[in-house]
Amino acid sequence: MKKVLFATTALVATAGVAAADVTFGGYGRFGVMYSSAAGPNGIAQTFGDDGTGDSSLDITSRFRLQIDATAESDAGVTFGARVRIEQENDEVNDAANSGTGINAPRFFARSGGLEVGVGNIFGALEFMPGMYPIDLGLTGLQYEYTPYQFGADFYDSDGAGAAATNNAIEVMYSAGDLSVHVSASDGANDRIAAHVAYTWNGWTFAVGAQDSNSPTDTEFAASVGGNFGPATVSLAYADNGVNGDHVTLAARFDVGAATNIEAYVSDADTYFGTPTQNTGYGIDFNHDLGGGTSIRGGVAKLFVGHTAADLGVRFNF
C-alpha cells in the first residue's frame, strides 16, 4: 500500500490532532474465465443459473482502489473511515460490468485492542476465521468454499455508493490469542451476530452465531485451522437456516519459493436456496512474480455440476 501524508494546516485544521494520514491501496486483475455452461450476460455461470446455455470463454477483470483515512487524537484514539472505488465485469449475482463510484463508508474508532465500527461494517460472521479459507484462482470461482453463503452482514464493495444508509454497528476486541467480534444491523434483515476465536499451539478455533429475522440467514458457524505437516488446513461448518448445512475442507501447500497450490472440497444441502447436485471442489495455483504481481489460475466443479476455470494476472498496489 502507498501512503500519502497530509500534514498541512489546510488539511489538518485542528491543532490538537496528533497524526493524520490517507492511505491508498488495492489491486487490479485481468484474464480469462471459462464456464462449461454460460450464465446471464454471457459471463461465467452465476448463482441461480438454470443449467441451460452453452459453454463460455470471456475476459474477466476487476480494479479496486481502497482509501483509508485516519486521524489520531492526543489521547491516542484513532478515528477513521474506509471506502472503495471498484469496477469489474465478473462479480457473482451482479450484472455484467458492475461496479461503483465510491461505496458506502465504514467509520471506526480504535484504541488498543478495541475497535468500534459503524456503517458499512465488516460483520462478525464475514470476519470469522474459516469463512474464507482460501482465495481460489484469479476470481474466487463463485466462492462455493465460503460456508456461511453470505447470509450475514459484510463489507459491501458495491454498497449503493455514497447514498447508502447502512444502519449497522460492530465491536471488535482482541487480547493476545483471543478475539471477539459482535455486530448488529437494522436493515432489510435485522441481525445480531458474534464470533469468538482463540489461537492455541498454532491452531485457531472459532465459533459464531447469529439471530436474524430472515430464515435463510446463517444461524451457527464453527471452524478450526492451522498447520498440518507441509499444509495449512481449515475445516469450517455453517448452519444456514432453511438453506441447510454447508461444510468446507480446504488446504494450501507451498510447492516452491514463489508458488503455492490451494484446494477445497465442499458439501452443502443448498446453495443460495438451490439444491446442490453434488459435492463441489476445486484447485488452483498462485505464482509470485515479485513486486506485488502474480499469475493465478484455478478450476472448480460447481455444486450445479458445471465446471468453471480462470487464468490471469493480479497486481497489488
Side-chain angles (χ1 to χ4, degrees), residues 27-62 64 88-94 96 130-150 225 228 230-236 246-256 258-268 270-272 274-289 293-316:
Y27 66 85
R29 72 185 190 205
F30 60 94
V32 293
M33 177 180 285
Y34 166 80
S35 176
S36 62
N41 305 308
I43 61 175
Q45 187 270 331
T46 58
F47 304 139
D49 184 24
D50 62 5
T52 64
D54 299 323
S55 62
S56 176
L57 180 65
D58 300 281
I59 299 296
T60 177
S61 64
R62 172 188 283 178
R64 172 180 291 176
E88 62 192 357
N89 70 344
D90 57 13
E91 182 72 4
V92 293
N93 266 342
D94 282 350
M131 293 301 103
Y132 289 90
I134 59 175
D135 186 12
L136 193 72
L138 181 68
T139 65
L141 292 172
Q142 313 296 355
Y143 296 97
E144 291 189 348
Y145 46 84
T146 304
Y148 89 106
Q149 296 186 12
F150 311 100
F228 186 78
T232 300
V233 298
S234 172
L235 178 63
H246 190 144
V247 181
T248 294
L249 175 64
R252 178 183 182 273
F253 308 83
D254 290 328
V255 294
T259 305
N260 66 73
I261 292 175
E262 298 172 313
Y264 81 93
V265 57
S266 286
D267 184 81
T270 70
Y271 200 53
F272 283 81
T274 301
T276 58
Q277 297 180 12
N278 52 26
T279 298
Y281 51 89
I283 189 169
D284 77 354
F285 79 95
N286 303 284
H287 181 69
D288 188 358
L289 299 174
T293 66
S294 59
I295 298 176
R296 298 167 177 250
V299 59
K301 188 75 168 182
L302 304 181
F303 285 134
V304 293
H306 302 159
T307 298
D310 60 21
L311 177 65
V313 176
R314 172 169 167 161
F315 56 97
N316 300 326

>> For Tyr264, give me all partners under ring-ring contact (aromatic ring centres under 6.0 Å, His included), at least two apart in sequence or on another chain.
In response: Tyr145

> With sequence neighbours left out, what residues match Ser234 under side chain to side chain contact (heavy atoms under 4.5 Å, CB included)?
Replying inline: Pro133

>> Once side-chain hydrogen bond (donor to acceptor under 3.5 Å, both in side chains) is applied, do any residues pair with Tyr281, and if so which ones, sequence neighbours excluded?
In response: none

> Can you name the residues that form a side chain to side chain contact (heavy atoms under 4.5 Å, CB included) with Tyr27, not counting sequence neighbours?
Replying inline: Arg29, Arg62, Arg64, Arg314, Asn316

>> If the condition is side-chain hydrogen bond (donor to acceptor under 3.5 Å, both in side chains), which residues does Thr259 pass it with, not counting sequence neighbours?
In response: His287

> What are the two closest non-hydrogen atoms of Thr279 and Val265, and how far apart are they?
Replying inline: CG2-CG2, 3.4 Å

> At their closest point, which heavy atom of Thr276 faces which heavy atom of Ala268, and how far apart are they?
Replying inline: OG1-O, 2.6 Å

> Quick one: side-chain hydrogen bond (donor to acceptor under 3.5 Å, both in side chains) partners of Ser294, sequence neighbours excluded?
Replying inline: Arg296

>> Just to verify, what does Ala263 make a side chain to side chain contact (heavy atoms under 4.5 Å, CB included) with, not counting sequence neighbours?
In response: Ile283

> side chain to side chain contact (heavy atoms under 4.5 Å, CB included) with Asn260: which residues, sequence neighbours excluded?
Replying inline: Arg252, Asp254, Glu262, Asn286

> Do you know the tightest heavy-atom contact between Pro147 and Thr248?
Replying inline: CG-OG1, 3.9 Å

> Within the distance-only criterion (no hydrogens, no angle test), does the side chain of His246 pair as donor or acceptor with the backbone N or O of Tyr271 below 3.5 angstrom?
Replying inline: no

>> Just to verify, what does Thr232 make a side-chain hydrogen bond (donor to acceptor under 3.5 Å, both in side chains) with, not counting sequence neighbours?
In response: Asn227

> Which heavy atom in Leu141 sits nearest to a heavy atom in Leu302, and how many Å separate them?
Replying inline: O-CD2, 3.9 Å

